[in-house]
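Note that these values count all heavy atoms, side chains included, but never hydrogens, waters or copies made by symmetry. Throughout, a chain's letter reflects where its sequence line sits, starting with A, and its residues are numbered from 1. Because the structure is predicted, anything quoted here is derived from the model rather than measured.
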2 protein chains.
Amino acid sequence: MAEREGGPRPGGRSARVQASVHRAVRALLARMDRAEVTIPLIAAEAGVTPSTIYRRWGELNELLADVAVERLRPDMGPVETGSGRGDLLAWAEQYAEEMSSGIGREMIRDVLAAEGAAGPRRCCGYARQQIATIAERAAARGEDFPDLDAVLDGVIAPILFRILFDEALGGKRVGELVEGVFAGVGRRSVPASA
Amino acid sequence: MAEREGGPRPGGRSARVQASVHRAVRALLARMDRAEVTIPLIAAEAGVTPSTIYRRWGELNELLADVAVERLRPDMGPVETGSGRGDLLAWAEQYAEEMSSGIGREMIRDVLAAEGAAGPRRCCGYARQQIATIAERAAARGEDFPDLDAVLDGVIAPILFRILFDEALGGKRVGELVEGVFAGVGRRSVPASA
DNA sequence: CTCCAAACGCAAATAATTTGCTTTTAGCGC
DNA sequence: GCGCTAAAAGCAAATTATTTGCGTTTGGAG
């Protein structure tokens with residue numbers, strides 16, 4: 001659990017190259033439009049030969065997705081507000097805002113555009129984990145908290161769907177979504193009252 | 001409303017080229033893996049020169065997205081079952097199934113990977129229109145029917161979110177989602193009972 | 001019918017990608 | 001430590017894709 005991924009050793013050449021390439025991608029992405037970023041450019045910025053990148057990542061999209069997934073990994077747990085509802089609301093609002101930004105949107109698209117389904121799954125897993133943390137805290141306090149799937153489908157899904165297909169949701173609507181999943185607590189899988 | 005888009009005249013050279021290229025893309029996509037499809041290949045299959053495609057679409061992704069959007073356009077209205085709930089359920093189940101298929105998934109990704117937001121918007125618009133039709137029919141029968149946005153966020157969003165980021169939902173879960181948006185009818189924007 | 005501009009075809013020039021081979025280097029047994 | 005081995009990187013040539021300049025075709029308007 002302490003290691004991140006890939007490289008045989010943190011300080012090895014392989015790891016150094018990967019770090020250098022990732023750094024180069026982030027730098028170029030910050031400096032110019034994504035459409036202008038090419039593998040030879042990244043290679044030059046990173047101080048490696050293009051063929052190294054081609055052999056390791058195959059194509060530009062894979063590399064961009066790799067970098068994006070890493071950037072999308074949350075660097076801290078969800079903030080605590082005192083209640084599960086407050087935690088979820090605060091987290092969802094921040095999540096929506098981060099993902100709605102230009103860079104956030106691009107990262108999501110990069111992740112989705114990559115070949116396998118591993119990238120998207122990992123991103124989904126990040127959100128899942130954050131919500132699970134909130135749910136556990138709520139459970140520890142003896143509160144009712146909606147199912148993980150209910151939150152994924154009722155809050156995360158609309159946020160990402162609108163970003164990708166329509167227009168990003170505002171904070172107000174996100175709040176309504178959170179209210180919605182709490183309104184439905186216990187309605188599913190609990191054969192009571194319906 | 002009778003014309004489709006683009007071309008000056010249905011039988012003109014421009015339209016002929018576009019049709020030929022689109023046909024070529026569909027043929028190649030059916031015959032081989034997407035990763036192997038290149039613009040020169042498409043050009044050869046379509047009987048045009050590559051530069052024509054480059055000038056018109058710019059890059060492979062744009063062309064693939066263009067073709068995908070066209071294929072994603074519904075070719076008929078939602079089936080009528082007698083009730084708004086039944087219509088929505090039937091439509092959502094078919095939608096989920098179509099989009100979950102390998103080809104559906106690929107088309108969505110192609111659309112999302114393209115530059116502008118026009119493609120995704122159009123796809124969202126297709127779904128919106130289908131739902132609006134169902135809603136109008138329900139209204140004409142005097143039934144209650146959820147808001148368009150409630151359906152988009154409560155049914156379409158989870159379906160697509162799971163396909164893109166996790167695992168496609170089964171028909172059972174889709175049914176639950178439809179039930180969910182009907183359970184919430186009138187709860188939003190109508191200041192009653194809460 | 002003639003003209004104009006947009007779209008296409010062609011081919012040369014440029015850039016990206018692949019590939020075979022050599023060199024470096026991290027991990028491993030001694 | 002000391003070599004050995006295999007994975008990963010560098011290098012350069014070959015291949016393939018993309019861009020571009022220019023001449024030609026063609027659809028639409030006067």
Using a heavy-atom cut-off of under 4.0 Å over every strand shown, decide if A:S51 touches base, sugar-phosphate, or nothing.
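Base, at least one base atom sits under 4.0 Å.
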Figure out the [atom1]/[atom2] separation between [X] and [N], and round it to whole Å.
| X | N | atom1 | atom2 | answer |
| --- | --- | --- | --- | --- |
| B:I53 | C:dG9 | CD1 | P | 9 Å |
| A:R56 | C:dT19 | CZ | P | 19 Å |
| A:Y54 | C:dG20 | OH | P | 17 Å |
| B:R55 | C:dC10 | CZ | P | 13 Å |
| B:N61 | D:dA17 | CG | P | 16 Å |
| A:I39 | D:dA17 | CD1 | C1' | 14 Å |
| B:E36 | D:dT16 | CD | P | 14 Å |
| A:L41 | C:dA15 | CG | C1' | 11 Å |

Just to confirm, is there a sub-4.0 Å distance from OP1 or OP2 of D:dG10 to any side-chain nitrogen or oxygen of A:T52?
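It does, given that an N or O in the side chain of A:T52 lies less than 4.0 Å from OP1 or OP2 of D:dG10.
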Determine: side-chain N/O of B:T49 to OP1/OP2 of C:dC8, distance under 4.0 Å, yes or no.
no
Main chain of B:G116, side chain of B:R121: is a donor-acceptor contact present, judged purely on distance under 3.5 Å?
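Answer holds: no.
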Are A:L89 and A:E179 close enough, and set up right, to give a side chain to side chain contact (heavy atoms under 4.5 Å, CB included), and what steps lead you there?
CA-CA 9 Å; A:L89 180 60; A:E179 288 307 306; 5.8 Å; no
Which pair of heavy atoms, one from A:L28 and one from A:E45, lies closest together, and at what distance?
CD2-OE1, 3.8 Å
Does the side chain of A:R173 come within less than 4.5 Å of A:P158's, by heavy atoms?
no
Consider the side chain of A:T38, meaning its heavy atoms from C-beta on, and name the nucleotide among D:dA9, C:dA16, C:dC8 that approaches it most closely.
C:dA16
Position toward the 5' end of DNA chain C (nearest nucleotide), A:L60 or B:V17:
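The residue whose closest nucleotide sits nearer the 5' end is B:V17.
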